[in-house]
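These notes concern the structure reproduced below.
Positions are given from 1, in the same order as the sequence printed here.
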Amino acid sequence: MNIADMRKSYEKAELSEDAAHADPLQQFDQWLHEAIRAELPEPNAMTLATVGSDLRPSTRVVLIKGYDERGIVWYTNYNSRKGRELAGNPYAALQFHWVELERVVRIEGVVERVDPAESDAYYASRPLDSRIGAWASPQSQVIESRSVLLANAAKYAAQFLMNPPRPPHWGGYRLKPDTWEFWQGRKSRLHDRLRYRLDGGRWVRERLAP
């Protein structure tokens, strides 16, 4: 198989200015719920892109855990590569790719940590193994083998039993969007792209060429 010959015709839907919401958050809410109702695999998965002090970008997949007019929320280890890069450069981008619906959503903006009480509440809602895992994994650091993780998990499980507190190095981030883009695949590569950009406190909607 020649990978250069792999092609797909996108013909499931369209995205017009008349049908799209004036508020990008409402448009996102509609598309996310349509992805959930379609029972897509992990519709809550999003790619997070950050840039380090060396100007090298990096990406990873994280899970959205909340969204409202304040922004998009996820949780992670503050000492991880993404956490260190966000500490040095708080601007980031998110991308959702719902392949089966032939849709992409891109979101750009500045990132801040969520309030500690919000992180506490979410941490307390997680399964016990996940709460222990937040202590056990020195995320993004080099470890000798998987046995290090298992030993750490056993140590912290014995130490905290059923009530591990939220680690000080673990919590939430919120991206405050200043740009949204909604992409709907169309036939003949004439895709629909609607961008929303914040201008003077209001959202300006524009069509981009595919």
To the nearest 0.5 Å, how far apart are [atom1] in [X] and [atom2] in [Y]?
| X | Y | atom1 | atom2 | answer |
| --- | --- | --- | --- | --- |
| Glu69 | Leu25 | CD | CG | 7.5 Å |
| Leu150 | Ser145 | CG | OG | 8.0 Å |
| Arg37 | His33 | CZ | NE2 | 7.0 Å |
| Gln184 | Arg103 | CD | CZ | 5.0 Å |
| Glu100 | Glu39 | CD | CD | 11.5 Å |

For [X], what residues pass the salt bridge (Lys or Arg N to Asp or Glu O under 4.0 Å) criterion, not counting sequence neighbours?
| X | result |
| --- | --- |
| Arg126 | none |
| Arg205 | none |
| Asp54 | none |
| Asp199 | Arg197 |

Taking all atoms of both residues into account, what is the closest heavy-atom pair of [X] and [Y], and its distance?
| X | Y | result |
| --- | --- | --- |
| Arg193 | Ala209 | NH1-O, 2.9 Å |
| Leu86 | Ala92 | CD2-CB, 4.0 Å |
| Pro57 | Leu55 | CD-O, 3.5 Å |
| Ala35 | Leu101 | CA-CD1, 3.8 Å |

*Out of Thr59, Val111, Val62, which one pairs with Lys82 under the side-chain contact (heavy atoms from CB on, under 4.5 Å) rule?*
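Going through the options one by one, the only one that passes is Val62.
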_Stepwise side chain to side chain contact (heavy atoms under 4.5 Å, CB included) test for Tyr196 and Asp23_ = CA-CA 8 Å; Tyr196 297 72; Asp23 184 338; over 6 Å; no
By side chain to side chain contact (heavy atoms under 4.5 Å, CB included) - contacts of [X] (at least two apart):
| X | result |
| --- | --- |
| Pro165 | Trp135, Phe160 |
| Ala153 | Ile132, Ala136 |
| Arg207 | Glu17, Asp192, Leu194 |
| Ala124 | none |

*Residue among Arg84, Arg81, Arg60 satisfying side-chain hydrogen bond (donor to acceptor under 3.5 Å, both in side chains) with Thr50*: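 For Thr50, the side-chain hydrogen bond (donor to acceptor under 3.5 Å, both in side chains) check succeeds only for Arg60.
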Indicate if [X] and [Y] have the same hydrophobic cluster label, given that clusters are the connected sets of ILVMFWY residues with side-chain heavy-atom separations under 4.5 angstrom.
| X | Y | result |
| --- | --- | --- |
| Trp183 | Leu190 | no |
| Val73 | Tyr78 | no |
| Tyr75 | Ile72 | no |
| Leu40 | Ile36 | yes |
| Leu128 | Tyr122 | yes |

*Please walk me through it: do Tyr123 and Arg131 pass side chain to side chain contact (heavy atoms under 4.5 Å, CB included)?*
CA-CA 7 Å; Tyr123 180 81; Arg131 284 179 279 154; 3.2 Å; yes
Less than 4.5 Å apart, any side-chain heavy atom of [X] and any of [Y]?
| X | Y | result |
| --- | --- | --- |
| His21 | Trp203 | no |
| Leu48 | Met46 | no |
| Trp74 | Leu94 | yes |
| Pro116 | Arg166 | yes |
| Glu42 | Leu63 | yes |
| Ser140 | Asn77 | no |

Would you give me the side-chain donor-acceptor pairs under 3.5 Å for residues 8-15, sequence neighbours excluded?
from : atom 1 : to    : atom 2 : distance (Å)
Ser9 : OG     : Glu11 : OE2    : 2.5

*Strictly by modelled atom types, are Gln26 and Gln30 linked by a side-chain donor-acceptor pair under 3.5 Å?*
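No - no donor-acceptor pair under 3.5 Å links their side chains.
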_Members sharing Val142's hydrophobic cluster (side chains within less than 4.5 Å)_ =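 Answer for Val142: none, a lone residue.
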*List the steps, then state whether side chain to side chain contact (heavy atoms under 4.5 Å, CB included) holds for Phe96 with Ile64.*
CA-CA 10 Å; Phe96 292 83; Ile64 184 174; 4.0 Å; yes
Check the surroundings of atom [atom1] in [X]: do more than 12 heavy atoms from other residues, nucleotides or ligands lie under 6.0 Å from it?
| X | atom1 | value |
| --- | --- | --- |
| Arg56 | CZ | no |
| Arg146 | CZ | no |
| Gln159 | CD | yes |

*asked:* Parallel, tilted or perpendicular: which one describes the rings of Trp180 and Phe182, with boundaries at 30° and 60°?
replied: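 Correct class here is parallel.
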Which pairs would a plain distance check flag for residues 167-179, meaning a side-chain donor or acceptor within less than 3.5 Å of a matching protein atom at least two apart in sequence or in another chain?
from   : atom 1 : to     : atom 2 : distance (Å)
His169 : NE2    : Ala134 : O      : 3.2
Arg174 : NH2    : Glu118 : OE1    : 3.1
Arg174 : NH2    : Glu118 : OE2    : 2.9

*Could you walk me through whether Ser137 and Leu149 pass the side chain to side chain contact (heavy atoms under 4.5 Å, CB included) check?*
CA-CA 6 Å; Ser137 174; Leu149 297 178; 4.2 Å; yes
*Write out all pairs satisfying ring pair (Phe, Tyr, Trp, His ring centres under 6.0 Å) with one or both partners inside residues 35-70, taking only residues at least two apart or from two chains.*
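Sorted result for residues 35-70: Phe28-Tyr67.
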